[in-house]
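Please read the structure below before turning to the comments.
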Amino acid sequence: MTCEPGDLPPKAKQASRAYIRDMAIAAVVYVGVVFGAVTLIRHMPFSLPQWAVVIVALTPLIPALMMMRTYMTYLRSMDELGRRIQTEAWLISAGAVGLGTFTYSFLEEWAHFPRIDLVWIFPALIFFWGLGTFIVRGRYK
Amino acid sequence: MRNRLKVLRAERNWSQADLADRLEVSRQSVNAIETGKYDPSLPLAFKIARVFALPIEQIFSDEVEAAS
């Protein structure tokens with residue numbers, strides 16, 4: 001999620017373009033890694049030993065770390081208002097996902113609601129960060 | 001905090017984007033400061049003072065924004 005290019009000074013425009021490019025590269029790597037990992041674990045005629053499955057299962061962390069590094073670089077290129085908006089957006093996201101998972105865990109345990117995989121926590125964080133950015137940015141318009 | 005950014009900018013015929021370029025911030029930041037929705041940090045306030053070549057207290061005053 002970036003500012004509108006017309007709103008940014010030249011240095012920030014460069015950083016915005018680098019952010020989009022590096023995120024796209026990390027996304028392509030992510031798709032490749034997940035596709036490769038699923039093929040290795042589920043669709044091979046042989047089964048991998050447990051230690052190898054653990055290593056393969058950890059490989060999606062590589063593009064995730066690439067994305068995090070890209071985001072941190074972009075964050076450091078922002079002006080102070082941009083960083084404040086991002087901080088508030090992450091607080092909204094952490095609050096929403098933290099309270100949501102906390103509440104849902106009781107519903108799962110006591111009211112027998114369907115189990116939700118942990119893999120959804122990160123996408124939920126990203127979703128509420130995006131929503132938070134939209135809301136907080138609107139407050140400063 | 002009140003400020004005279006809009007008036008000072010108008011006196012120089014600068015757009016918000018012109019001032020944003022000089023301050024190396026986004027146009028949204030300039031707009032948020034002008035409308036009193038965001039108070040700049042001390043380093044940015046000093047930078048604003050340098051850009052307008054004025055003492056900081058001639059740009060910012062410690063009054064609550066009436067409209068906010």
Side-chain angles (χ1 to χ4, degrees), chain A residues 1-24 67-96 126-141, chain B:
Chain A
M1 186 163 291
T2 60
C3 290
E4 295 77 18
D7 280 355
L8 301 170
K11 253 193 249 175
K13 272 183 200 165
Q14 256 183 346
S16 181
R17 278 195 290 269
Y19 171 77
I20 291 166
R21 184 198 61 218
D22 293 348
M23 273 294 179
M67 285 179 188
M68 189 171 247
R69 185 174 175 272
T70 300
Y71 175 73
M72 293 304 289
T73 305
Y74 183 56
L75 188 70
R76 281 194 288 266
S77 77
M78 289 179 185
D79 65 12
E80 58 184 52
L81 178 60
R83 284 197 292 268
R84 173 182 283 211
I85 290 170
Q86 289 302 302
T87 306
E88 290 184 26
W90 278 117
L91 277 172
I92 288 172
S93 178
I126 302 295
F127 172 78
F128 283 107
W129 161 69
L131 187 65
T133 302
F134 178 77
I135 293 166
V136 177
R137 191 180 282 163
R139 283 213 335 252
Y140 290 108
K141 271 189 179 163
Chain B
M1 194 162 74
R2 289 176 69 90
N3 69 74
R4 296 176 54 233
L5 229 62
K6 198 172 182 176
V7 174
L8 295 169
R9 187 169 59 73
E11 283 172 2
R12 288 156 180 80
N13 279 323
W14 292 347
S15 66
Q16 284 187 341
D18 293 334
L19 181 57
D21 280 348
R22 284 174 163 85
L23 296 170
E24 295 179 306
V25 298
S26 65
R27 194 198 54 77
Q28 185 189 7
S29 295
V30 171
N31 185 58
I33 295 167
E34 279 188 6
T35 53
K37 288 177 180 163
Y38 175 67
D39 290 333
S41 67
L42 205 50
L44 181 55
F46 275 112
K47 198 169 185 180
I48 292 168
R50 272 200 306 277
V51 163
F52 286 117
L54 287 169
I56 206 162
E57 60 271 23
Q58 283 189 25
I59 304 171
F60 297 97
S61 60
D62 187 24
E63 293 168 49
V64 178
E65 193 75 25
S68 63

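Naming: A, B, ... by sequence-line order, numbering from 1 per chain.
Note that CG of B:N31 is 13.0 Å distant from OH of A:Y140, once rounded to the nearest 0.5 Å.
No other option in B:L44, B:I33, B:V30, B:L23 has as many heavy-atom pairs under 4.5 Å with chain A as B:L44.
A side chain to side chain donor-acceptor pair (under 3.5 Å) with B:Y38 is found for exactly one of A:E80, A:R84, A:R139, namely A:E80.
Contacts between B:P43 and chain A at a heavy-atom distance below 4.5 Å are absent for every atom of the residue.
Of all heavy-atom pairs between A:L81 and B:S29, the closest is CB-OG, 3.3 Å.
Every residue two or more places apart in sequence or in another chain that forms a side-chain contact (heavy atoms from CB on, under 4.5 Å) with B:D18 is listed here: B:W14, B:S15, B:R22.
More than 12 heavy-atom neighbours from other residues, nucleotides or ligands sit within 6.0 angstrom of NZ on B:K37. Heavy atoms from other residues, nucleotides or ligands lying under 6.0 Å from CZ of A:R69 number 12 at most.
Using a distance-only test at 3.5 Å, with no hydrogens or angles considered, a donor-acceptor pair links the side chain of B:Q28 to the main chain of A:R137.
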